[in-house]
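Take a look at the structure set out below.
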Amino acid sequence: LAYCGVLDMRSDVFNRYVEVFEDRIADGYFAGKMDAEIVYIILGEYLWQDVYLRRGEWKKAFMALEVCLKYGLTQDTHQAQERFSKCNPAFAPWQPNGGGSGRILDMMVKSFCFDDGESLTLLGGIPFAWLQQNGVTKLAGVWTPGCRLTLEATMIDRKQCQLRVTSTGAAGLPRTLRFPEHLLVTAATPS
């Protein structure tokens, strides 16, 4: 209900649900516990990443994607799988999983650029250390409901990067751009 926008993600009811889910239902960082050994992977994490990005819970949004990258993909060929065994490394059913691959790609894009219909969150699931390590981090031609975006983060020094956001399309950028609170953001141009 929260993912579809029917339930307010900041309501007391939903806050209590998140607490119960994280403490009693989730299996650590895995959102799809099936039994003591097997987790259904990529779908639950996909939905929770969206919730965490909307709620501004950046580390949790990052971890949702990381769980999928580390446990939902084979490390040799990067094939998505539908289930993961915490005990048996040879367990790999329903592989390759096309739907899982698509969700992981969507999660990667949302980490850079997340449109919640009201605002555009930039770099919500990207650790600053990744930007430092890359030097230049770029995502080009991302479709949003109102425009097509290109994002390019270029490190200036170890503590600063310049993020250039360009858009094409009639609607242009949303009125509200949102950044994680741990990033100090200043506008380089009035536009």
Side-chain angles (χ1 to χ4, degrees), residues 1-75 80-89 91-94 97 99-131 139 142 144-145 151 174-185:
L1 292 174
Y3 179 76
C4 296
V6 175
L7 184 62
D8 178 7
M9 289 189 205
R10 289 177 173 62
S11 70
D12 289 338
V13 170
F14 191 72
N15 288 336
R16 288 193 306 269
Y17 173 73
V18 170
E19 188 176 311
V20 169
F21 180 83
E22 291 176 346
D23 291 343
R24 298 183 191 159
I25 299 170
D27 187 0
Y29 290 109
F30 295 109
K33 181 178 180 178
M34 295 181 75
D35 60 31
E37 178 189 348
I38 309 297
V39 294
Y40 190 91
I41 191 132
I42 303 174
L43 179 60
E45 292 81 11
Y46 176 77
L47 298 170
W48 279 99
Q49 182 205 34
D50 191 279
V51 169
Y52 292 141
L53 286 168
R54 289 175 191 272
R55 291 169 54 96
E57 297 184 61
W58 315 116
K59 290 179 183 179
K60 291 179 182 179
F62 168 75
M63 287 308 300
L65 174 58
E66 280 296 289
V67 164
C68 294
L69 293 175
K70 292 190 186 318
Y71 302 101
L73 297 177
T74 61
Q75 297 305 300
Q81 58 191 18
E82 190 172 289
R83 288 167 173 71
F84 174 77
S85 169
K86 297 182 288 178
C87 302
N88 181 358
F91 182 81
W94 295 282
N97 184 298
S101 297
R103 285 188 290 277
I104 287 177
L105 290 171
D106 196 32
M107 291 173 78
M108 293 168 80
V109 170
K110 287 179 181 180
S111 293
F112 277 93
C113 172
F114 177 68
D115 188 335
D116 67 8
E118 297 174 12
S119 63
L120 188 65
T121 301
L122 301 176
L123 306 177
I126 303 294
F128 195 72
W130 284 9
L131 300 177
L139 187 62
V142 177
T144 69
L151 310 167
R175 288 185 66 75
T176 304
L177 295 178
R178 186 173 165 225
F179 293 89
E181 292 79 17
H182 60 272
L183 298 176
L184 176 61
V185 179

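Just so it is clear, the structure is predicted and the values come from calculations on it, not from any experiment.
- From Thr121, atom OG1 reaches atom CG of Leu177 across 9.0 Å, with rounding to the nearest 0.5 Å.
- Side-chain N or O atoms of Lys60 include none that pairs as donor or acceptor with a backbone N or O of Leu53 at under 3.5 Å.
- In Phe128, the CZ atom is crowded: over 12 heavy atoms of neighbouring residues, nucleotides or ligands sit closer than 6.0 Å.
- Remark: side-chain polar atoms of Glu37 are not paired, donor with acceptor, to backbone N or O of Asp35 under 3.5 angstrom.
- Heavy-atom contacts from other residues, nucleotides or ligands closer than 6.0 Å to CE of Met108 number 12 or fewer.
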Kindly determine whether Val109 and Leu105 satisfy side-chain contact (heavy atoms from CB on, under 4.5 Å), including the steps that lead there. CA-CA 6 Å; Val109 170; Leu105 290 171; 5.9 Å; no
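- For the residue pair Arg55 / Asn15, a side-chain donor-acceptor distance below 3.5 Å is found, with atom types taken as modelled.
- Between the CD atom of Glu22 and the OH atom of Tyr17 there is a distance of 10.0 Å, given to the nearest 0.5 Å.
- We find that Lys86 and Asp27 are joined by a salt bridge, their nearest charged nitrogen and carboxylate oxygen being less than 4.0 Å apart.
- Taken from CG in Asp115 to NZ in Lys110, the straight-line distance is 10.5 Å, to the nearest 0.5 Å.
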Using the side-chain contact (heavy atoms from CB on, under 4.5 Å) rule, take Val39 and Tyr71 through it: C-alpha gap first, then chi angles, then the decisive distance, then the call. CA-CA 10 Å; Val39 294; Tyr71 302 101; over 6 Å; no
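- Between Gln81 and Asn97, the side chains place no donor N or O within less than 3.5 Å of an acceptor N or O (distance only, hydrogens not considered).
- The shortest distance between side-chain heavy atoms of Tyr40 and Lys33 does not fall below 4.5 Å.
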Might you work through the side-chain contact (heavy atoms from CB on, under 4.5 Å) test for Leu120 and Leu122, ending with a clear yes or no? CA-CA 6 Å; Leu120 188 65; Leu122 301 176; 4.0 Å; yes
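- Of all heavy-atom pairs spanning Leu65 and Ile104, the tightest one is CD1-O, 4.3 Å.
- By the 6.0 Å contact criterion, CD on Glu118 is open, its count of non-hydrogen atoms from other residues, nucleotides or ligands being 12 or less.
- Without hydrogens or angle criteria, Ser11 side chain to Leu7 main chain gives no donor-acceptor distance under 3.5 Å.
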For residues 41-49, run the donor-acceptor check on the side chains, cut-off 3.5 Å, and write out each pair with its distance to 0.1 Å, sequence neighbours left out.
unit_1	atom_1	unit_2	atom_2	d
Glu45	OE1	Ile42	N	2.8
Glu45	OE2	Ala31	N	2.9
Tyr46	OH	Asp106	OD2	2.5
Gln49	NE2	Met107	O	3.1
Gln49	NE2	Ser111	OG	3.3

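- Of all heavy-atom pairs between Gly124 and Trp58, the closest is O-CE3, 3.2 Å.
- When every heavy atom of Phe62 is checked against every heavy atom of Gly125, the shortest pair comes out as CD1-O, 3.5 Å.
- Residues Phe112 and Val142 fail the side-chain proximity criterion, which asks for heavy atoms closer than 4.5 Å.
- Distance check, rounded to the nearest 0.5 Å: CE of Met63 to SG of Cys68 gives 10.5 Å.
- Note that the CZ atom of Arg54 and the CG atom of Asp8 stand 11.0 Å from one another [nearest 0.5 Å].
- The aromatic rings of Phe84 and Phe30 sit parallel to each other, their planes meeting at less than 30°, with 60° as the upper class boundary.
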Which is it for Tyr52 and Asp50 under the side-chain contact (heavy atoms from CB on, under 4.5 Å) test, yes or no, and what are the steps along the way? CA-CA 6 Å; Tyr52 292 141; Asp50 191 279; over 6 Å; no
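- Looking at every heavy atom in both residues, Gly56 comes nearest to Glu181 through O-OE1, 4.4 Å.
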